Amino acid sequence: MARIGGATAGTCGATAGTCGATAGTCGALLLSLLLLLHSPGACGAPPQPRGTLCRTKPTDLVFIIDSSRSVRPHEFEKIKVFVSRVIEALDVGPNATRVGIINYASAVRSELSLQSPQSKAALLQAVRRIQPLSTGTMTGLAIQFAISRAFSTAEGSRVGAPNFRKVAIVVTDGRPQDGVQDVSARAKAAGIEIFAIGVGRVDMGTLRQMASEPLDEHVDYVESYSVIEKLTHKFQEAFCVVSDLCATGDHDCEQLCVSTPGAYRCACRDGFSLNSDGKTCTACNGGLGSALDLVFLIDGSKSVRPENFELVKKFINQIVDSLEVSDKQAQVGLVQYSSSVRQEFPLGQFKNKKDIKAAVKKMSYMEKGTMTGQALKYLVDSSFSAINGARPGVPKVGIVFTDGRSQDYISDAAKKAKDSGFRMFAVGVGNAVEDELREIASEPVAEHYFYTADFRTISKIGKKLQIKICAEEDPCECKSIVKFQTKVEDLINSLQQKHILWKFGWDWVGWAGISAGTMGKVCSWGKELGWAQVSGNEPPGGLDVGRALGW
């Protein structure tokens, strides 16, 4: 079925009909209507990832991986998977990106040099052969080895080529038994860019001493090796060259194609939201101004850490900023949970965004366990009750945030929330269990479930959620068109009637699949506005129409 502005026109559900004597008027108005459906409106949609093409800048890349005794064999396999996934996304070859691998514990072993065969298959096979050393943790010694050996011309490094990057990725899970600050400074002075990845009980101060500036782009932390693979995407993007992939075509994007580093995204104009297919768009009814009862359910367990809890507060206020808060529009409630559940403030307590944001900033960190099931039960039984400010007949939305596995059972409460008609969004960070997030999320799960490995990127999720909780209008109501009736009238009056081909308009009807119900509305508008039947032999040029609209 054809689509108009991303909305399915055929859903208006009327049988075929005609506008009778006013056919010419409808043809002219339809042309204007279709143009207006593609004009800016009230709400926009964040672009969604589409393409996965990546052209990488030639780089000498050396992985420095910790295989000390604290790294168990099955955990070391996770490191190898991470390394393999990063390699799979690179343009590798003698004249492209070259890869080396240093394996270290108390001693250092070169597993792969930059002059080794640089086909992707050969590199991945070499990664599979690596075995852990299982002794101490001499991280400084490993970095010195990288300076003197791995990045030397004798080992295949392109030292004299200014257009080639030199990058080291250090993966470690403990406190080094030697110093890293001085040797890391020498490495950076030699032009080596260092990314430091810490796992588990790693010393964060050590990571910051090793990493290049800016630290927030070069230091990463994960709770366990089981989730290190989720950092893969970051490093795939880090090595991609920014290129305008949209210049090669629209990639089937219905409205907008947006180039990103090594990829492209489809996006929608203001007034439309991106559908779950990532390509087509649907009209919205003015953003987040509709009546809504929204409750945040926030994980305050000790694994979140105080600095990350502050980022969570910013995430909440980012979404609050997009709401129209009042008694008749959006109400916001906030619940924090750890080993117990604490209502920070109920729905309707605060009547404006300023007061809500101030209350969020004052929220203290509970810092205990992770009883997500208990929190979900509280949401169902209390948060959306009338005694806590919920309004009958108003849509209920819950946004659940967590960074780890629940210590209790969540299935019954998650099911009850959805069965009660609540629209549930699940947001996970770091060690969050994706199966639990999917269980919490409403259908379709892909539109209600979000995950990121890093707290610093949750603002991107906030932008996506801003549009996801936007209430979509019935496209058959065409409310956005009514707002532009005056603009349409000015357009029709400004165009010479002899240049409007009404048959062209009717052919467009057949292409778009507009129903007689919608046409009836269009025709009635024409009668009310007193437009005359339009006829002629030539269709208007698109640029003429655009200029008449002031585009």
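Source: prediction; values computed, not measured.
Taking both residues in full, the closest heavy atoms of Val92 and Ile87 are given as CG1-O, 4.4 Å, listed atom of the first, atom of the second, then distance. Across Pro176 and Thr139, no two heavy atoms sit closer than the pair CB-OG1, 3.5 Å. The two residues Val183 and Gln144 come nearest to each other via the heavy atoms CG2-OE1, 3.4 Å. Among all heavy-atom pairs drawn from Ser406 and Met371, the shortest one is OG-C, 4.3 Å. Taking both residues in full, the closest heavy atoms of Val127 and Ser84 are given as CG1-OG, 3.4 Å, listed atom of the first, atom of the second, then distance. Residues Gln336 and Gly300 approach most closely at OE1-CA, 3.5 Å, considering heavy atoms.
Rounding to the nearest 0.5 angstrom, the gap separating the CG atom in Asn317 from the NZ atom in Lys354 is 13.5 Å.
The existence of a salt bridge linking Asp321 and Lys357 is confirmed by a sub-4.0 Å separation between a basic side-chain nitrogen and an acidic carboxylate oxygen. A salt bridge is absent between Lys78 and Glu75: the closest approach of a Lys/Arg side-chain nitrogen to an acidic carboxylate oxygen does not fall below 4.0 angstrom. Taking the charged nitrogens against the carboxylate oxygens, Lys166 and Asp60 have no contact shorter than 4.0 Å, which rules out a salt bridge. In this structure, Arg438 pairs ionically with Asp435, as a charged nitrogen and a carboxylate oxygen lie closer than 4.0 Å.
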Practice task
Please assess Ser70 against Asp173 for the test side chain to side chain donor-acceptor pair (under 3.5 Å), listing each intermediate value before the final yes or no.
Solution key: CA-CA 8 Å; Ser70 62; Asp173 79 331; 2.9 Å; yes
Practice task
Given side chain to side chain donor-acceptor pair (under 3.5 Å), test Ser364 with Arg342 step by step and report yes or no.
Solution key: CA-CA 11 Å; Ser364 61; Arg342 183 173 75 202; 3.2 Å; yes
Problem - Residues Tyr378, Tyr337; criterion ring pair (Phe, Tyr, Trp, His ring centres under 6.0 Å); working and verdict - result: CA-CA 10 Å; Tyr378 182 91; Tyr337 70 94; over 10 Å; no
Problem - Phe195 and Phe235: CA distance, side-chain angles, deciding distance, ring pair (Phe, Tyr, Trp, His ring centres under 6.0 Å) verdict - result: CA-CA 10 Å; Phe195 290 88; Phe235 288 97; 5.3 Å; yes
Practice task
Quick one: do Glu439 and Ser411 satisfy side chain to side chain donor-acceptor pair (under 3.5 Å)? Show the steps, please.
Solution key: CA-CA 7 Å; Glu439 193 166 8; Ser411 295; 2.2 Å; yes
Practice task
For Val295 and Leu379, run side-chain contact (heavy atoms from CB on, under 4.5 Å): C-alpha distance rounded to whole Å, both residues' side-chain angles, the deciding distance at 0.1 Å, then the answer.
Solution key: CA-CA 8 Å; Val295 174; Leu379 182 83; 3.5 Å; yes
Exercise for the section: Might you work through the side-chain contact (heavy atoms from CB on, under 4.5 Å) test for Gln343 and Gln349, ending with a clear yes or no? Expected result: CA-CA 12 Å; Gln343 180 172 258; Gln349 177 175 331; over 6 Å; no
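Counting only heavy atoms from C-beta outward, the side chains of Val360 and Phe296 never approach each other to under 4.5 Å. Using a 4.5 Å heavy-atom threshold, the side chains of Gln209 and Ser184 count as separate.
Sulfur-sulfur distance for Cys266 and Cys257: not below 2.5 Å, with no disulfide indicated.
A distance below 6.0 Å separates the ring centres of Phe345 and Phe350.
A donor-acceptor pair under 3.5 Å links the side-chain atoms of Gln118 to the main chain of Val99, judged by distance alone. Within the 3.5 Å criterion, the main-chain N or O of Arg175 finds no donor-acceptor partner in the side chain of Asp203.
Test Asp178, Ile143, Val108 against Met138 for side-chain contact (heavy atoms from CB on, under 4.5 Å) and you get one pass: Asp178.
Taking the six-membered ring where tryptophan is involved, the planes of Phe422 and Phe384 are tilted, since the angle between them lies from 30° to 60°.
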